[in-house]
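This report concerns only the one structure given below.
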Amino acid sequence: MTGTGRDTIYALSSGSPPAAVAIVRISGPAALVALQQLTDIAPALPRHARLATLRHPVGGEALDRALVLHFTGPDSATGEDVAELHLHGGRAVIASVLAALCSIDGLRPAEAGEFTRRSFENGRVDLAEAEGLADLLLAETESQRRAALALAGGSVSHLVEDWQRRVLALAADVEACLDFSDEGDVAEGLPSSWHEELARLAEEMGSLLSRPAIERLRDGLRVSIAGPPNAGKSSLLNALAGREAAIISDIAGTTRDLIEAPTAIGGAPFLLIDTAGLRDGADEIEAIGISRTRLSLEQADIILWLGAPCDCPDPPRSIIVQAKADLNPRIDARADIRVSAVTGQNMGKLIELLIARAEGLLPKEGEVAINARHQAAIQEARSFLDDTKSAPDLLIVAESLRLCRVALDKVTGRAGVEDMLDALFGRFCIGK
Ligand SMILES: Nc1nc2c(ncn2[C@@H]2O[C@H](COP(=O)(O)OP(=O)(O)OP(=O)(O)O)[C@@H](O)[C@H]2O)c(=O)[nH]1
Ligand SMILES: [K+]
Ligand SMILES: [Mg+2]
């Protein structure tokens with residue numbers, strides 16, 4: 001048992017009832033006592049599931065027949081003693097068991113993310129891994145799930161720990177030099193291999209920083225569908241999104257606001273954006289819509305351009321689409337693709353083009369992907385490495401390397417992250 005002297009918390013950790021099974025988790029110093037008070041069977045080995053009748057600890061009334069198991073700290077998810085009750089997943093069953101737990105001394109309902117917060121505080125997961133868990137719970141596409149699982153499994157943490165070790169080794173060399181030199185002169189003492197290793201580290205950090213951030217997987221790639229009025233933009237959005245997200249009509253100027261449809265295509269996340277048709281002489285409201293279209297074009301990762309190829313606002317970012325192919329037999333050689341939202345002609349090819357573009361803009365499968373918070377910390381760490389180059393003496397070099405490690409510590413949560421802990425753990429639901 002871990003005698004942390006803190007509250008024991010409990011919560012429904014599975015999804016909303018009714019369901020076949022509901023899992024209630026209890027974590028803290030009183031978890032095993034609570035389990036003992038609820039069940040009528042002798043304590044068993046940790047990690048061994050048993051069937052038990054759960055009874056109210058005061059009235060003795062039978063509440064459910066449940067599978068129960070426990071884990072002893074620190075070898076548990078939270079690092080504390082943990083008990084799990086696998087109940088029948090009906091609302092009344094869950095409510096009666098939660099009420100019974102509430103009647104036990106030292107137990108209270110958990111707050112959002114509190115189980116994971118305890119894992120972090122007890123060193124079971126570091127901050128980057130906890131962020132990965134948060135992402136995993138919210139993952140909606142295959143690519144999000146993969147990136148979150150890698151982060152939760154320590155992909156970023158391991159990389160950063162490797163850098164930490166190497167920066168520490170460089171610092172040790174500097175310390176050794178300082179011990180042997182009176183002057184602290186940078187020019188003497190440090191071998192070229194030291195400088196090479198420093199350059200290699202800076203380069204490794206730089207190449208990770210140049211890759212797309214994990215948020216792109218969460219927010220989706222922004223695809224603006226633009227062109228003149230009545231080009232068939234809203235029809236194309238609906239065909240790609242697979243639902244009637246935007247109003248379609250034969251009246252030019254139907255769409256005025258931006259219409260966003262988050263859509264997973266080929267396991268990759270896209271934010272499809274329908275826009276007001278671009279034209280001169282629009283009325284006041286449509287003109288506002290058109291200015292929103294222009295803003296959306298600036299922010300787009302990919303533009304599906306349904307206008308004349310020569311009017312395309314940014315060809316490198318664009319896929320030039322000749323729409324309404326069923327009506328228009330004339331093939332424009334400057335278009336990347338001819339499609340019909342009505343007959344479905346070439347829609348599969350358009351999807352392939354989108355997926356191909358996405359590959360260059362999203363973290364790749366198996367690639368270590370970092371989030372914006374990691375980017376900021378690694379950026380800072382690298383700038384301290386750069387500082388060593390212009391450092392006037394070895395004491396400053398040693399200090400820059402120390403600051404570099406402090407910056408890297410932020411990734412795994414060993415330093416300077418107090419302000420973001422509440423924000424992170426608040427992203428979890430109750431029971432996680
Ligand atoms: N035959 C055919 N008609 C289409 C196709 N795509 C769109 N249309 C028709 O073209 C008209 C305009 O389509 P919308 O999708 O509203 O065009 P839009 O570009 O969104 O128009 P605004 O929002 O007004 O700028 C509608 O009557 C659609 O039914 C297509 O692929 N084939
Ligand atoms: K229209
Ligand atoms: Mg429209």
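Fair warning: this is a prediction, and the values are worked out from it, not measured in the lab. First listed ligand is number 1; within each ligand, the first listed atom is number 1.
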> Is it the side chain, the backbone, both or neither of S249 that has a heavy atom closer than 4.0 Å to ligand 1?
Replying inline: backbone
>> Side chain or backbone, does A276 bring an N or O within less than 3.5 Å of an N or O on ligand 1?
In response: no
> Taking 3.4 Å as the cut-off, does an N/O/S atom of I251 lie below it from the K ion (ligand 2)?
Replying inline: yes
>> Using a plain distance cutoff, I'd like to know if I247 has any nitrogen or oxygen under 3.5 Å from a nitrogen or oxygen of ligand 1.
In response: no
>> Distance under 4.0 Å to a non-hydrogen atom of A341: what atoms of ligand 1 satisfy this?
In response: 31 (O)
>> Please list the nearest protein heavy atom to atom 23 (O) of ligand 1 with its residue and the distance rounded to 0.1 Å.
In response: T255 OG1, 2.8 Å
> When you look for heavy atoms under 4.0 Å from ligand 1, do you find them on the side chain of D326, its backbone, both, or neither?
Replying inline: side chain
> Strictly under 4.0 Å, does any heavy atom of G253 approach an atom of ligand 1?
Replying inline: yes
> Would E380 and K410 pass as an ion pair if we require N to O under 4.0 Å?
Replying inline: yes
> How wide is the angle at the Mg ion (ligand 3) between OG1 in T255 and OG in S234, to the nearest 10°?
Replying inline: 90°
>> Could you go through E197 and H195, starting from their C-alpha distance and side-chain angles, then the distance that decides it, and tell me whether this counts as side chain to side chain donor-acceptor pair (under 3.5 Å)?
In response: CA-CA 5 Å; E197 169 71 348; H195 294 280; over 6 Å; no
>> Only heavy atoms of A231, strictly under 4.0 Å: list the atoms of ligand 1 that pass.
In response: 19 (O)
> Near G277, which atoms of ligand 1 are under 4.0 Å from a heavy atom of that residue?
Replying inline: 25 (O)
> Just wondering, more than 12 heavy atoms not from L137 lying within 6.0 Å of its CG?
Replying inline: yes
> Has Q299 got more than 12 heavy atoms of other residues, nucleotides or ligands less than 6.0 Å from its CD?
Replying inline: yes
> What residue and atom, counting heavy atoms only, is the protein's closest point to atom 30 (C) of ligand 1, and at what distance?
Replying inline: V342 CG2, 3.4 Å
>> Need the ligand 1 atom indices (1-based, order shown) with element for anything under 4.0 Å from a heavy-atom of A252.
In response: 24 (O)
>> Counting only heavy atoms, tell me which of R279, K233, K324 gets closest to atom 10 (O) of ligand 1.
In response: K324
> How close do K233 and N230 get, heavy atom to heavy atom, and via which atoms?
Replying inline: NZ-N, 4.0 Å
> Closest heavy-atom contact between A128 and L151?
Replying inline: O-CG, 3.3 Å
>> Taking N, O or S atoms only and a limit of 3.4 Å, check whether S249 reaches the K ion (ligand 2).
In response: yes
>> What protein heavy atom lies closest to atom 28 (C) of ligand 1? Include the residue and the distance to one decimal.
In response: I248 CG2, 3.7 Å
>> Among all the protein's non-hydrogen atoms, which is closest to atom 22 (P) of ligand 1, and how far away is it?
In response: N230 N, 3.6 Å
>> Do R108 and Y10 form a cation-pi contact, if we require the NZ or CZ to be under 6.0 Å from the six-membered ring centre and within 45 degrees of the ring's axis?
In response: no
>> Check contact between I251 and ligand 1, using heavy atoms of the residue and a distance below 4.0 angstrom.
In response: yes
> With the threshold set at 4.0 Å, does a side-chain nitrogen-carboxylate oxygen contact exist between R317 and D301?
Replying inline: no
>> Within ligand 1, which atoms have a heavy atom of S340 less than 4.0 Å away?
In response: 30 (C), 31 (O), 32 (N)
> Is a salt bridge present between R124 and E129, judged by a nitrogen-to-oxygen distance below 4.0 Å?
Replying inline: no
> Knowing that exactly one of L278, D274, I225, I273 qualifies, which makes a side-chain contact (heavy atoms from CB on, under 4.5 Å) with T293?
Replying inline: L278
>> For S234, which part has a heavy atom under 4.0 Å from ligand 1: side chain, backbone, both, or neither?
In response: both
> Just wondering, are more than 12 heavy atoms of other shown residues or ligands nearer than 6.0 Å to CD in E140?
Replying inline: no
> Based purely on interatomic distance, does P229 place a nitrogen or oxygen under 3.5 Å from a nitrogen or oxygen of ligand 1?
Replying inline: no
>> Tell me the closest heavy-atom pair linking I355 and G266, and the distance in Å.
In response: CD1-CA, 3.9 Å
> Near the K ion (ligand 2), is there an N/O/S atom from T254 that is less than 3.4 Å away?
Replying inline: yes
> Which is closest to atom 6 (N) of ligand 1 by heavy-atom distance: A246, G227, S235?
Replying inline: S235
> So which heavy atom in the protein is nearest atom 17 (O) of ligand 1, and how far is it from that ligand atom?
Replying inline: G232 N, 3.2 Å
>> Around atom CD1 of I285, are there more than 12 heavy atoms from other residues, nucleotides or ligands closer than 6.0 Å?
In response: no
> Taking heavy atoms and a distance under 4.0 Å, where does D250 meet ligand 1: side chain, backbone, both or neither?
Replying inline: both
> Is the number of heavy atoms from other residues, nucleotides or ligands within 6.0 Å of CG (D105) greater than 12?
Replying inline: no
> Within a reach of under 6.0 Å around CZ of R294, are more than 12 heavy atoms found that belong to other residues, nucleotides or ligands?
Replying inline: no
